[in-house]
Amino acid sequence: MAKDLADFEDFKSDLMSEIKSLYKESDKKNNELAEQVSELKSRMASGDDLTDITNRIDEHKSELSKVYDTLDKVEKKQSIATGPTMTGTIGQMMLKSGAFDGIDKNSKGTWDHVIEAKDITNAGNYSASPNRNVLVPEHNAGFLTPVDQPLMVRSLIPAGQTSSDVIQRTEEDTFVNGADMVAEGAAKPESTITFKRGQIAIEKIAHWMRASSEVLSDAPMMRSYIDNRLTYGVNFKEERQLLNGNGTSPQLDGLLNTGNYVAYDNTFISGVTPANGVDDIRIAKEQVNGSYLTATGVIMNYKDWARFELMKDGDGKYLHASVTGGMTPRLWGLRVVPSHSMTEGKFHVGSFALGAMIWDRWAMRIMASTEDGDNFRTNKVTILAEKRLALEVFRPDAFVYGDLS
């Protein structure tokens, strides 16, 4: 038994010696690698050929990786050989240690037992490796993403594809309808019509960010996260532009740009005076219908829609079924799109399918390149998101824009 114990202690001692030797070797190779990286920077600055130095750096990285792999294996053996470490609170470790064994509950006096500090502070995860944390934090997988604003304006407007950088159209300018009843043998009346040419330029929405190639390699999920954030950024700008673009390149010709709508007329239905915003929406709907078009939706600020939903009758009952039914928001048969991009107190009613069109030249594009600026020398990757599109409002009388009462 004593011989076995001695052999076991020798085995542990050999493991510790091997670990120390491996750490010395890793330190040596790390220093050599640092010297070669320094030499690489000098050669890059002077424009020398880098082939041999980059090859040596790759070889050193491979050798260093092998050292660390061996070190991991030896440390696992050492962990098994030394057995589990007693951990817990100081009180728990005192009880487990047997320090109180044989002490009667009525005994008086003092006693002592040595608890190693590493048992308390390292909780059994002690490692001499400089590449490991002594205390390993609990990690919640994934990324904590900011809450994104819902983007819904595009869903109201039909979209088509184009391969051009300009949308041209021929539209009616004037029409004089001379049609009339004609007596037998009488001359027929003449009607006249004129046309004009219009065009809408395709505009671009884009942005980029730079990331470390090491981070993207070590955490593949990071690339997807960055792609998603870049995509959201483009779509967020698109939502604002679809409503508020002023039509001056490179901005879109937004729905609320002057000339793309008819101003709300609260006297459109004679004898009716709107008492609240709900009445305004109904009158605006009729105003669109007065242009022989059918209104299909209304865009308003999300707070204004909340006020509508909170309306009650004289008995205290909510007026809108969506409050209790969770249905798609609708008002007077119109689909309601609550948007942060619409100014509070304003509304926009329209026949979206018949009055406007989104032309997509490029759908969302995500591109990455190491050949941007000093990316190659600094191990960086530039990631770009962009799309190209135009908004064409070809029937301004299909839309009514105004203030809520």
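Closest non-hydrogen pair, Val337 versus Val153, comes out as CG1-N, 4.4 Å. Closest approach of Gln251 and Gly245 over heavy atoms only: OE1-CA, 3.6 Å. Here the closest non-hydrogen pair linking Ser341 and Asn244 is O-ND2, 3.3 Å. Summarising the geometry of Val381 relative to Ala368, their closest heavy-atom pair is CG1-CB, 3.9 Å, with the distance given to 0.1 Å. The two residues Val298 and Phe347 have their closest heavy-atom pair at CG2-CB, 4.5 Å. Minimum heavy-atom separation, Pro338 to Met152: O-SD, 4.3 Å.
Distance alone, capped at 3.5 Å, places no donor-acceptor pair between the Lys285 side chain and the Leu334 backbone. The closest donor-acceptor contact from the side chain of Thr370 to the backbone of Phe376 lies at 3.5 Å or more, if one exists at all. Although no hydrogens or angles enter the test, the distance criterion places no donor-acceptor pair under 3.5 Å between the side chain of Trp332 and the main chain of Ile283. Here the side chain of Asp315 pairs no donor or acceptor atom with the backbone of Lys317 at under 3.5 angstrom. Although no hydrogens or angles enter the test, the distance criterion places a donor-acceptor pair under 3.5 Å between the side chain of Ser191 and the main chain of Gly178. No donor-acceptor pair under 3.5 Å is formed between the side chain of Glu203 and the backbone N or O of Leu252. Side chain of Asp280 to main chain of Ser405: a donor-acceptor pair is present (N/O by atom type, distance under 3.5 Å, no hydrogens or angles).
The distance from the CD1 atom of Ile202 to the OG atom of Ser163 is 9.5 Å, given to the nearest 0.5 Å. Rounding to the nearest 0.5 Å gives a distance of 7.0 Å between CD1 of Ile299 and OG of Ser339. Of the inter-residue distances, the one linking Leu354 atom CG with Phe394 atom CZ reads 7.5 Å to the nearest 0.5 angstrom. Atom CG of Asp265 sits about 12.5 Å away from atom CD of Glu286, to the nearest 0.5 Å. The distance from the NZ atom of Lys237 to the CD atom of Glu239 is 12.0 Å, given to the nearest 0.5 Å. Rounded to the nearest 0.5 angstrom, Gln241 CD and Ile205 CD1 are separated by 6.0 Å.
Counting heavy atoms from C-beta on, the side chains of Tyr401 and Asn260 never come closer than 4.5 Å. Using a 4.5 Å cut-off on side-chain heavy atoms (C-beta onward), Glu344 and Asp304 make contact. Inter-residue side-chain proximity for Val262 and Phe399 is flagged as unmet; no heavy-atom pair is nearer than 4.5 Å.
Within a 6.0 Å sphere centred on CD of Gln168, heavy atoms belonging to other residues, nucleotides or ligands number more than 12. A 6.0 Å sphere centred on CZ of Phe268 holds more than 12 heavy atoms belonging to other residues, nucleotides or ligands. Residue Arg210 places its CZ atom among more than 12 non-hydrogen atoms of other residues, nucleotides or ligands, all under 6.0 Å distant. Counted within 6.0 Å of CZ on Arg361, heavy atoms from surrounding residues, nucleotides or ligands total more than 12; the atom is thus considered enclosed.
Side chains of Ser155 and Arg335: a donor on one and an acceptor on the other come within 3.5 Å. In summary, the side chains of Glu214 and Asn379 do present a donor paired with an acceptor at a separation below 3.5 Å, with no hydrogens or angles considered.
Each of Lys387, Arg388, Arg154 was compared with Asp360 under the salt bridge (Lys or Arg N to Asp or Glu O under 4.0 Å) criterion, and only Arg154 meets it.
Using a 30° and 60° split on the angle between ring planes, Phe308 and Trp305 fall in the perpendicular class, above 60°. Ring orientation note: the planes of His340 and Tyr302 are close to parallel, at an angle under 30° on the 30°/60° scale.
Pairs of residues two or more places apart, or lying in two chains, never qualify as ring pair (Phe, Tyr, Trp, His ring centres under 6.0 Å) while including a residue from residues 151-207.
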Test side chain to side chain donor-acceptor pair (under 3.5 Å) applied to Trp362 and Glu386, step by step: CA-CA 8 Å; Trp362 288 349; Glu386 62 183 340; over 6 Å; no
Side chain to side chain donor-acceptor pair (under 3.5 Å) assessment of Ser369 paired with Glu371: CA-CA 5 Å; Ser369 175; Glu371 299 178 3; 5.2 Å; no
Could you walk me through whether Asp253 and Leu391 pass the side chain to side chain contact (heavy atoms under 4.5 Å, CB included) test, one step at a time? CA-CA 6 Å; Asp253 190 18; Leu391 174 64; 5.5 Å; no
